[in-house]
Participant: 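What follows is a single structure, and I will ask about it in a moment.
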Amino acid sequence: MESGMVSVDRWCAGSQVYFLTHLHADHIRGLTPKWTRGPLYCSRITAKLFPIKFPGFDLSLIRIVEIGHWHSVSLLSPSSGSSTILYFMAIDAHHCPGAVMYLFRGEFGCTLYTGDFRWESTSERAQTGRTMLLKAMQDVKLDMLYLDNTYCNPTYCFPSREVAARQVLSIITSHPNHDIVIAVDTLGKENLLLYISRVLKTKIWVWPERLQIMHLLGFHDIFTTKTSVTRIRAVPRYSFNIETLEGLNTMCPTIGIMPSGLPWASKSFRGKEKLSSESPPLLLDNRWHTDIATSSTSSKPNGGSLSSGRYDHYIYTIPYSDHSCFSELQKFVEFLKPTNIKGIVSSSASNVDPLYHFGSLCRIQQASELLCQRLKSKRYEKVGVIGMKSPFGCTSTMQLGRKRRKRQNFSASIHVSRVRLLRRERQGVKIVDTDPD
DNA sequence: GCGATCAGCT
DNA sequence: CACAGCTGATCGC
């Protein structure tokens, strides 16, 4: 296969088929309602939600990929004109509704693109995925793994969502007379809300657009837009801050719950925190990455007694994450034993290269060599292209989207040149050669 | 004027 | 630090 035939979460011109893993904003950047570049493959749930994100989108371009089934598409080599068949399967990514990983097989070999995913290896859901992957790859090795390396660092350690959900519930039940606001995005963390609703036998308020999404997802009697019927509200994360909580507390005692895998999520509130010596601190410390992760439920305010002190009086951060933690990534890689790995999130301060941590788990002998090459060339990279030897001796490439991450600290001149390079990339770099990466 | 893209922020 | 995603500025047709 030549370059530009297949794109995943990447929406530049030049591919014959386009794959979407899920509908979060950083994976659909570049996709517009006027899309005409080619067929777009996605899961059934994503297809159902699609018109909300892209009203007026030509739905005849959407191809639904059923989870757990092999699909195929014939692709044309732009230079030789010969055709080749791409086989692909979607596997539940356990991230947000509709999120899938894609397993590709073709003359280029076997590639798995996880997109954003959570691999709670002990859960029943992950067992299904494990079985599916085992069955789909029983006779082949995985040549390339594109991995959600959001938390690909041993410092990222957090419990399963089941455990985190119990922590959230415990906080709510320990504040029986408080209003509760929970920060959520436009998609994701539905299971947390469903769990709260089920156990507490209460409806949960959501904003009108979110209610529409809940209805499309099939949740009809659980959510409401009437504030009078419940003390629990799920609110947009961007509306969730110290000022909002302080404002709410002038009217009614209210606590906020921030479900996030980011260990520093609570710190972002510190800048605006107004210290009060009278009321006790309510925020959970963020040491869950060391102790709470291993305890069943620990939701007592300040239960872990962080030495650096208190955070906000109203906001609890809970390690409820839709991305895999480091140990889960490790298990995933051990399970798949890929020949090579590449992160789908480009470099940032604490997200290091998957090859650095998992290179020894790969089957390639030259892991360190590859890493050296990568470190030299990755700074300005946005677009990933896989190049693999096929069983037939030709080289193939596939264009893949990369998440954009905030830039690091650079000197002014380096920063400027990097901005320029990044800008050029965002305007669409066409990959012609096989990437040595 | 409008949609697409980007910077900045949380 | 930045999960995902908003707002407002700017670009380009």
Participant: Nearest to the side chain of Thr186(A) - dC3(C), dG3(B), dC6(C)?
Facilitator: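 Of all the options, the side chain of Thr186(A) is nearest to dC6(C).
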Participant: Tell me: CG of Asp185(A) to C1' of dC6(C), nearest whole Å?
Facilitator: 11 Å
Participant: State whether the side chain of Thr339(A) and the backbone N or O of Leu142(A) hold a donor-acceptor pair below 3.5 Å, judged by distance alone.
Facilitator: yes
Participant: Can a side chain N or O of His95(A) be found less than 4.0 Å away from OP1 or OP2 on dA4(C)?
Facilitator: yes
Participant: Are Leu194(A) and Ile204(A) side-chain neighbours, meaning at least one heavy-atom pair lies under 4.5 Å?
Facilitator: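 With C-beta onward as the side chain, the pair stays apart.
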Participant: Tyr238(A) side chain: which of dT10(B), dG3(B), dC6(C) is closest?
Facilitator: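 Between dT10(B), dG3(B), dC6(C), the one nearest the side chain of Tyr238(A) would be dC6(C).
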Participant: I'd like to know if Arg237(A) reaches the base of dC3(C) with its side chain, counting only an N/O donor and acceptor under 3.5 Å.
Facilitator: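 It does, because a donor-acceptor pair links the side chain of Arg237(A) to the base of dC3(C) below 3.5 Å.
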Participant: Does dG3(B) have its OP1 or OP2 closer than 4.0 Å to a side-chain nitrogen or oxygen of Thr32(A)?
Facilitator: no
Participant: In this structure, how many angstroms lie between the P atom of dT5(B) and the CD1 atom of Ile28(A), rounded?
Facilitator: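 Those two atoms, CD1 and P, are 13 Å apart.
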Participant: Tell me the interatomic distance from Ile213(A), atom CD1, to dG5(C), atom P, rounded to whole angstroms.
Facilitator: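 To the nearest whole Å, that distance equals 9 Å.
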Participant: Can you list everything that forms a side chain to side chain donor-acceptor pair (under 3.5 Å) with Asn249(A)? Sequence neighbours excluded, please.
Facilitator: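 Expected list: none.
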Participant: Is there a side-chain contact between His323(A) and the phosphate of dA4(C), meaning an N or O under 4.0 Å from OP1 or OP2?
Facilitator: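 Checking His323(A) against dA4(C): at least one side-chain N or O falls below 4.0 Å of OP1 or OP2.
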Participant: Could you check whether the side chain of Ser260(A) and the base of dC3(C) have a donor-acceptor pair of N or O atoms closer than 3.5 Å, going by distance alone?
Facilitator: yes
Participant: Rounding to an integer number of Å, can you tell me how far Arg29(A) CZ sits from dA4(C) C1'?
Facilitator: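 Result: 9 Å.
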Participant: Before you tell me yes or no, could you show the steps for His27(A) and Asp116(A) under side chain to side chain donor-acceptor pair (under 3.5 Å), namely the whole-Å CA-CA distance, both residues' side-chain angles and the distance that decides it to 0.1 Å?
Facilitator: CA-CA 9 Å; His27(A) 292 255; Asp116(A) 290 351; 3.1 Å; yes
Participant: Grab the CG-P distance between Asn241(A) and dT7(C) for me, whole Å please.
Facilitator: 14 Å
